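Every value quoted in this text rests on a predicted model; they were computed, and no experiment measured them. Below, chain A is the first sequence line, B the second, and so on; all start at residue 1.
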Amino acid sequence: MQKGGFNFDLYQRNVELIEKNNYKVPKTTKTGTTIVGVVFSDGVVLGADTRATSGPIVADPNCEKIHRISDYIWCAGAGTAADTENTTGMISLQLELLSLSTGRSPRVRTALTLLKNFLFRYHGYISAALVLGGVDFTGPHLHMIHPHGSTSTLPYISMGSGSLAAMAVLETGYNSKMGEEDAKSLVHQAILSGILNDLGSGGNVDLCVIKHKSMEFFRNIDTTNSKRKFRKKLPYMFKSGSTKILEKEIKEKMEKMEIVNEKENEIEELEEL
Amino acid sequence: METYLGEKQQARQWSPYINNGGSCLAVAGDDFAVIASDTRMSLGYSIKTRYSTKYLKITEKCSIVSSGMQADIFTLHKVLKSRAQIYEQKHGKPMSTDAVAKLVSRLLYYRRFFPYYTFNIVAGVDEDGVGCVFSYDAIGTLERVKYSASGSGSSLIEPVLDNQVALKNRNDIKKEEFKLTKEYAIDLVKDAITSAGERDIYTGDFVEISVIDLNGTHEDKFELRFD
């Protein structure tokens, strides 16, 4: 029986389907995305948009891209949605167990090492680009992690398809002596820039402010870009009978259940062992 | 060239075509037609401009909207406009909608072996005063229909029109009892393209909508999402 890791049982079949049967590889849901992180005097601010795309179609107009690693360590993720969610989930699990066994509160650099080692093992096949930020007892930290496993430690970071739009705003507005309100406003503007100028990003702005022993999550702090501009007054009405009924089958609800097999003895056997 | 996993990688060949995205649609009623298109021009994941018109009024009774490559849309519309002007000056009267439809088809087929990357819809009122919509493929296949959608959002819009205009898969309203009014058609067109703007990343910014009837053409514009 396989222990952990990934299951490659279908690999051969998939290769043959693609080559011989002209099968089209299904599109993964990517988060397109603009994610941003900024360090300020007392902590870090993380920001993200909320659009998840599947090719040119918006799969989820309001998804959550800022994931919890631990109470004061959060991570924004860009790339394949399944990869970012499962990777951050796994590392959050490992970090919790580690913090319980060591008896110490988790450090950002530990999360960083766990994430980069995990992603490196998969050589970029796990398409997760992360902005990891948090405050531990050593102070505020902000890191960027690429899908291949390389990391950088920087005062301000942007990742995802909207990273260029966001970085333009960050480069213009960042200064090392920023306070909380300035940092929040800068991150907000950077994400907005990604939402408006990048087609892979859109929806609302999510913000996460982490300081020493304090975390504030502003879900959908800005929804001005996601309002539907026109809706027709008359609703779409489908009267009963609109859908043609082809077959009708009415099943009686079961009132009584018959006990066919009793397995009490099995439990006793286990206790003896 | 094979990678270590055995996948074949083909060398990228230069293509003269690009897709600038966008959606277009048109609906015909008994004595009017509604035609609309968004104005966003994209390239890859970027927006090149939020306002680039895809709509052209050819005569008072006939307009065209096109989606696809902006360069080809611009050129086709330029050629079409001048041909319509030449016709009007030669014959002393504007082109009828049927004549415009046929002209577009011929112009597209003329470029059979290096087509215009355009997906056109012509709409207007015909000589009998009945609303009409003509839809085309890239090389000019002509078909007169009651409604049509083209562009990146067409697969999102067409099923809505199938259900609400042609009453497909509905058993609650009979076709004989249903009358497509101008207000209903305008609302439906606006709603359909707004919905396409919600879910298609290439559709958004502004919509140019115009209503064509026996009195002429009434043009309007409204906003979509900018994200």
If you count the non-hydrogen atoms of other residues, nucleotides and ligands that lie under 6.0 Å from NZ in B/Lys221, is the total more than 12? yes
Under 4.5 Å from any heavy atom of chain A, what part of B/Leu156 do you find: side chain, backbone, both or neither? side chain
Should the heavy atoms of other residues, nucleotides or ligands under 6.0 Å from CZ of B/Phe74 be counted, would the total exceed 12? no
Which distance, rounded to the nearest 0.5 Å, do you find between the CG of A/Asn197 and the CZ of B/Arg50? 6.0 Å
Restricting to non-hydrogen atoms, name the atom on A/Pro56 and the atom on B/Tyr202 that form the minimum distance, rounded to 0.1 Å. CB-CE1, 3.6 Å
A/Leu164, CG atom: more than 12 neighbouring heavy atoms under 6.0 Å: no
Within this structure, what is the CZ-CD distance for the pair A/Phe230 and B/Glu223, rounded to the nearest 0.5 Å? 13.5 Å
Atom pair CZ (B/Arg225) and NZ (A/Lys227), whose distance is rounded to the nearest 0.5 Å: 10.0 Å
Looking at A/Leu10, I'd like to know if its CG atom is crowded, meaning that more than 12 non-hydrogen atoms belonging to other residues, nucleotides or ligands lie closer than 6.0 Å. yes
Could you tell me whether the side chain of A/Leu199 reaches within less than 4.5 Å of the side chain of B/Ser42, counting heavy atoms only? yes
Counting only heavy atoms closer than 4.5 Å, note whether A/Ser240 contacts chain B via side chain, backbone, both or neither. neither
Can you find a heavy atom in the side chain of A/Thr224 that is under 4.5 Å from one in the side chain of B/Phe226? no
Max heavy-atom pair count under 4.5 Å with chain B, selected residue of A/Gly202, A/Ala165, A/Gly162, A/Ser226: A/Ser226
Determine whether A/Val58 and B/Glu198 make a side-chain contact, defined as any pair of heavy atoms from C-beta on separated by less than 4.5 Å. no
Taking the side chain from B/Arg199 and the backbone from A/Ile57, do they hold a donor-acceptor pair closer than 3.5 Å? no
Name the region of B/Asn169, side chain, backbone, both or neither, that has any atom closer than 4.5 Å to a heavy atom of chain A. backbone
Give a yes or no on whether the backbone of A/Lys232 and the side-chain of B/Asp187 come within a donor-acceptor separation of less than 3.5 Å. no
Check this for me: does any side-chain nitrogen of one of B/Asp191 and A/Arg228 sit under 4.0 Å from a carboxylate oxygen of the other? yes
Got a second to check how far B/Asp227's CG is from A/Leu192's CG, nearest 0.5 Å? 10.0 Å
Carefully, step by step, assess A/Phe238 and B/Asn163 under the rule side chain to side chain contact (heavy atoms under 4.5 Å, CB included). CA-CA 11 Å; A/Phe238 294 96; B/Asn163 183 266; 3.3 Å; yes
If you count heavy atoms of other groups shown closer than 6.0 angstrom to CZ of B/Phe178, is the number above 12? yes
Can you tell me which portion of B/Ser195 sits under 4.5 Å from chain A's heavy atoms? Options are side chain, backbone, both or neither. both
Is there a donor in the side chain of A/Thr243 and an acceptor in the side chain of B/Arg170, or the other way round, less than 3.5 Å apart? no
Any donor-acceptor N/O pair, B/Asp172 side chain to A/Gly241 backbone, under 3.5 Å: no
Heavy atoms of B/Leu224 and A/Lys229 approach each other most closely as O-NZ, 3.4 Å
